[in-house]
Amino acid sequence: MKKIFFLPALAIIGFLFFQGITKPEPKTEFISHEIAPDMPPQVKAIVEQKCYGCHNAESKNEKGKKKLDWDAFEASKRAKQIAAKGKILEVLENGDMPPAKFLENKPEGKLTEEEVATLMAWSKSKKN
Ligand code: HEC
């Protein structure tokens, strides 16, 4: 009789153990993804590190996601991309992104001057 209970218990323990070892790592702020394959690699690297965390399709930052979703960027129509680049240039010129409030807790998220220049040149260019 005891054996009947033993097996399901073993199965449950096994399942829990399996779950424990396969549980995905908690999502970090700036997770790297395959975004916009046609974007210049140096631009992509900056975006992935400093912008993508808030501006992606699964972002919990609803406001940020609504304003700019990098996952949708490349698939979107030319006119939409140009409009997005215009907005990006604007926030860069004003030093608005990443948001100052966010940088208070995460100063390493700040764009360096070089990164600003790279992103600006890209957002002004006609090419993706
Ligand atoms: C900590 C989260 C966060 C990070 C990091 C971040 N943003 Fe944002 N972004 C937001 C939020 C929130 C908004 C919406 C602001 C609002 O509506 O007031 C926004 C808005 C924007 C907008 C739209 C502005 C407008 O007025 O339409 C652009 C463009 C933008 N971000 C670009 C960037 C770029 C480029 C980077 C990387 C250098 C970046 N963001 C990094 C949170 C973030």
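Computed over heavy atoms, backbone and side chain alike; hydrogens, waters and symmetry mates excluded. In each ligand, atom 1 is the first atom listed, and ligand 1 is the first ligand listed.
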*Close-contact set for ligand 1 against L68 heavy atoms, below 4.0 Å*: 30 (C), 32 (C)
*Report the part of A84 (side chain from C-beta onward, or backbone N, CA, C, O) that has a heavy atom under 4.0 Å from ligand 1; answer both or neither where that applies.*
neither
*Indicate, as side chain, backbone, both or neither, the part of H55 found under 4.0 angstrom from ligand 1 when only non-hydrogen atoms are considered.*
side chain
_Is the shortest side-chain heavy-atom distance between K65 and N56 below 4.5 Å?_
no
*How about L111 and L92: do any of their side-chain heavy atoms sit closer than 4.5 Å?*
yes
_Closer than 4.0 Å to some heavy atom of K50 - which atoms of ligand 1 meet that?_
5 (C), 37 (C), 41 (C)
*Rounded to the nearest 0.5 Å, what's the gap from NZ on K44 to CD on E74? Could you check?*
8.0 Å
*Atoms in ligand 1 with a heavy atom of L111 nearer than 4.0 Å*: 38 (C)
_Separation of M39 CE from W122 CH2 (nearest 0.5 Å)_ = 4.5 Å
*Do you know which two heavy atoms are closest between K110 and K50, and how far apart they sit?*
O-NZ, 2.7 Å
*From atom 22 (C) of ligand 1, work out which of N61, V47, V91 has a heavy atom at the shortest distance.*
V91
*Can you figure out which of K110, M97, K67, K63 has its heavy atom closest to atom 19 (C) of ligand 1?*
M97
_So for atom CD, which belongs to E108, do other residues, nucleotides or ligands contribute more than 12 heavy atoms lying within a distance under 6.0 Å?_
yes
*Give, for atom NZ of K87 and atom OG of S123, the distance between the pair rounded to the nearest 0.5 Å.*
13.0 Å
*asked:* Using heavy-atom distances only, which candidate in G109, C54, C51, A83 approaches atom 4 (C) of ligand 1 most closely?
replied: C54
_Distance under 4.0 Å to a non-hydrogen atom of F102: what atoms of ligand 1 satisfy this?_
1 (C), 5 (C)
*For ligand 1, does K87 get within less than 4.0 Å through its side chain, its backbone, both, or neither, judged by non-hydrogen atoms?*
both
